[in-house]
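Written below as structure tokens is the structure these notes are about.
Counting convention: from 1, in listed order, for ligands and their atoms alike.
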Amino acid sequence: MSDPIAYERDGDVAVLTINNPPVNALSQAVRQGLMARMDQAEGDAGVKAVVIVGEGRAFIAGADITEFGKPPMEPSLPDVIDRIEASPLIVVAAMHGVSLGGGLEVALGCHYRIAVPSARIGLPEVHLGLIPGAGGTQRLPRVAGVQAAIDMATTGRHVKADEAHKMGAIDVIEDGDPKAIGIAYAQQLLDDGAARRPVSEMPSPEGIDWDATYDAVLARGRGQIAPAKAVRAVQASVEKPFADGLLAERDIFIELMNTDQRKGMIHAFFSERAVSNLPELKGVTPREIANVGVIGGGTMGAGIATAALLSGLRVTMLEMTAEAGEAARGRIGGNLAGALKRGKISQAQHDAIMDKALQVSTDYAALSDVDLVIEAVFEDMAVKKQVFTKLDEVCKPGAILASNTSYLDVNEIAACTKRPEDVIGLHFFSPAHVMKLLEVVVPDKTAIDVVATGFALGKRLNKISVRAGVCDGFIGNRILSTYRQAADQMVMQGASPYDIDAALEAFGFAMGPFAVADLAGLDIGWAVRKRKRAEGTMPDGATYADKMCEAGNFGQKTGKGYYDYAAGAKARVPNADVMPLIEEDRAGTPQRSFTADDILRYYMAAMVNESAKVVGEGIARRPLDVDMTLLFGYGFPRYNGGPLKWADIVGLDDLLGDIKSYAETNPDFWAPAPLLEQLVAEGKTFDSLNQ
Ligand code: CAA
């Protein structure tokens with residue numbers, strides 16, 4: 001491999017340029033190169049200052065994450081940074097793009113820092129289940145104060161150059177070529193007779209109430225431990241001499257490196273990037289999309305339209321009547337007002353979208369010129385077929401016809417058109433302008449450039465796009481339906497909905513399944529059950545869930561469902577009417593007690609087993625596709641990596657054992673996934689199928 005650090009002289013200044021595309025991660029070769037080039041500068045007669053700068057799009061994006069979990073290789077990053085800081089020469093970091101994690105730590109090891117205005121800094125290690133491991137929690141508080149350091153180390157947020165300058169982390173901001181401004185700044189420091197300025201020699205900052213801060217950060221982390229640990233590391237910068245503080249930070253870093261949470265978070269980091277990277281799409285040019293049609297302006301359609309408008313697309317919204325069209329415009333307007341309030345768009349952009357980019361119509365002819373149309377009407381095959389037959393008549397050749405159905409057969413929808421190659425499923429999650437997941441559902445006859453367009457649209461809308469095959473519920477809703485049934489089974493066998501929600505919220509889900517049901521509205525499932533009973537596809541007789549709805553308890557929107565929301569959504573308490581109704585239904589079912597661990601195992605076994613079936617049948621290409629679907633669409637805790645990464649971590653043997661024991665009383669529901677059995681037999685993990 002070519003030397004990743006270039007060395008050059010500019011008068012009294014030596015320039016070390018890091019060239020390790022794409023983002024100058026601190027690989028072993030880069031660390032070693034920095035050591036060697038510092039030696040070279042110090043041995044180079046006449047050199048009085050060193051500038052460290054990054055080639056390409058960033059200063060340094062941090063440690064090389066691909067090395068995590070492998071045996072450490074010398075030199076370590078802390079040693080490299082100590083070596084830079086200890087240099088008798090004046091060392092300047094010239095920063096552009098991002099300086100993240102170890103990248104910021106290298107900059108803090110330099111004696112002075114200059115950055116271009118567009119530069120950003122951050123300590124994103126918490127997003128990987130870690131804390132900074134090379135002095136970041138010791139040096140940053142010394143230049144920027146404890147509050148700024150805690151904020152950055154616990155949230156991982158990127159801080160823009162001007163804010164970083166105000167907090168003291170960057171000395172000078174100047175526009176221009178990073179190398180040129182770095183050299184000029186180093187020269188000026190030399191001319192001014194400036195001294196070396198090691199951050200490690202600066203006084204410790206003032207302390208705060210550490211325990212209260214630790215508790216607050218721990219609570220905010222919903223079970224994630226790294227952010228709270230970062231508080232303890234910053235505490236060490238105040239309470240210990242610098243060298244001891246470094247050791248304290250290192251101990252916590254190593255402790256976290258060995259956790260399952262770190263494994264889960266790093267799996268999520270790489271999977272998030274790999275999920276839309278499909279070999280068959282390499283070199284395929286997506287179709288041009290500028291003009292999008294959306295049919296149906298309910299919550300979902302309005303959300304999809306909002307997402308498209310915010311990404312700069314023009315949208316024609318089709319509704320049945322002028323009144324419904326106005327209501328849809330109102331919903332989109334409400335969403336955009338929210339975006340304006342949060343500073344996502346300016347007033348001028350907001351007005352341009354509402355006045356020009358959005359059209360509302362009741363006439364299908366208005367869709368004759370759109371490049372892509374997304375149908376978001378009622379979930380009924382007959383209605384969908386009517387819509388697609390009509391679209392087939394009016395849309396221009398080459399236009400993509402997409403359905404936002406959440407479980408219906410997209411092959412059947414495609415078959416009612418004369419252009420099944422242009423038909424695809426684009427399954428958004430409500431609210432569609434907020435939720436990150438997009439399932440790109442690919443029926444049998446879809447053209448490859450239509451699939452590529454689905455992914456390109458997802459990227460444009462800032463979504464995580466997952467390829468799904470056609471089946472009832474695709475990836476996400478199919479798995480959801482199974483683990484929801486497992487939750488309902490537990491309720492009948494003796495666990496209360498509240499025990500179940502509590503166990504899953506302790507696992508890290510933002511909400512348990514019954515709290516989610518209250519949020520989504522219990523009337524939706526009730527309507528489906530009533531329809532199925534009328535069709536004869538479900539046994540007669542109202543269940544406790546039906547009786548809750550008969551009493552008008554539809555969840556949050558009526559103030560009562562499984563929970564009572566009289567004191568607000570956050571202060572929910574169990575609805576006292578629910579348990580007696582459940583008790584009536586339990587009559588005749590053998591009862592048992594469930595610990596939180598029993599609940600988690602039962603629920604997760606159902607989720608993993610169905611996920612394995614979804615992968616085994618090819619509905620999801622790889623285990624990571626399931627993991628990302630659950631993470632971005634269903635609130636699965638990121639630090640557990642996704643159901644199949646979690647399964648690998650707890651061990652597939654044990655899980656299969658659980659599934660087989662549950663199958664003794666309910667063999668149909670608990671039939672083990674053939675893929676899971678195969679992996680256990682071969683001693684392999686789900687992750688082995690991601691490679
Ligand atoms: N190590 C290894 N590879 C990395 C990397 C890193 N630190 N950061 C990014 N990459 C890779 C990505 O995997 C991706 O690879 P592919 O093209 O093969 O998929 C490529 O670089 C480009 O990344 P993105 O697609 O994410 O590009 P972007 O422009 O959207 O974002 C970024 C760039 C802001 C740097 C983003 O990649 C990012 O946030 N990276 C992680 C930064 C990070 O967490 N740094 C801290 C590391 S931990 C640390 O430093 C601990 C310590 O103290 C020792």
With a sphere of 6.0 Å drawn around CD of E8, does it hold more than 12 non-hydrogen atoms of other residues, nucleotides or ligands? yes
Are the aromatic ring centres of F636 and F507 under 6.0 angstrom apart? yes
CE/M95 to CD1/I52 distance, rounded to the nearest 0.5 angstrom? 11.5 Å
Roughly how far apart are I252 CD1 and R232 CZ, rounded to 0.5 Å? 9.0 Å
Which residues pass the side-chain contact (heavy atoms from CB on, under 4.5 Å) test with A230, not counting sequence neighbours? I131, A153, T154
Determine whether more than 12 heavy atoms belonging to other residues, nucleotides or ligands lie under 6.0 Å from atom NZ of K282. yes
When you check ligand 1 against the protein, what N or O pairs turn up below 3.5 Å? List the atom names and distances, or just say none.
{"from": "ligand 1", "atom 1": "1 (N)", "to": "A63", "atom 2": "O", "distance (Å)": "3.4"}
{"from": "ligand 1", "atom 1": "1 (N)", "to": "I65", "atom 2": "N", "distance (Å)": "2.9"}
{"from": "ligand 1", "atom 1": "7 (N)", "to": "A63", "atom 2": "O", "distance (Å)": "2.8"}
{"from": "ligand 1", "atom 1": "26 (O)", "to": "R273", "atom 2": "NE", "distance (Å)": "2.8"}
{"from": "ligand 1", "atom 1": "26 (O)", "to": "R273", "atom 2": "NH2", "distance (Å)": "3.1"}
{"from": "ligand 1", "atom 1": "27 (O)", "to": "R57", "atom 2": "NH2", "distance (Å)": "2.9"}
{"from": "ligand 1", "atom 1": "29 (O)", "to": "R57", "atom 2": "NH2", "distance (Å)": "2.4"}
{"from": "ligand 1", "atom 1": "45 (N)", "to": "A61", "atom 2": "O", "distance (Å)": "2.8"}
{"from": "ligand 1", "atom 1": "50 (O)", "to": "A63", "atom 2": "N", "distance (Å)": "2.9"}
{"from": "ligand 1", "atom 1": "50 (O)", "to": "G102", "atom 2": "N", "distance (Å)": "2.7"}
{"from": "ligand 1", "atom 1": "53 (O)", "to": "E105", "atom 2": "OE1", "distance (Å)": "2.6"}
{"from": "ligand 1", "atom 1": "53 (O)", "to": "E125", "atom 2": "OE2", "distance (Å)": "3.3"}
{"from": "ligand 1", "atom 1": "53 (O)", "to": "G133", "atom 2": "N", "distance (Å)": "3.2"}

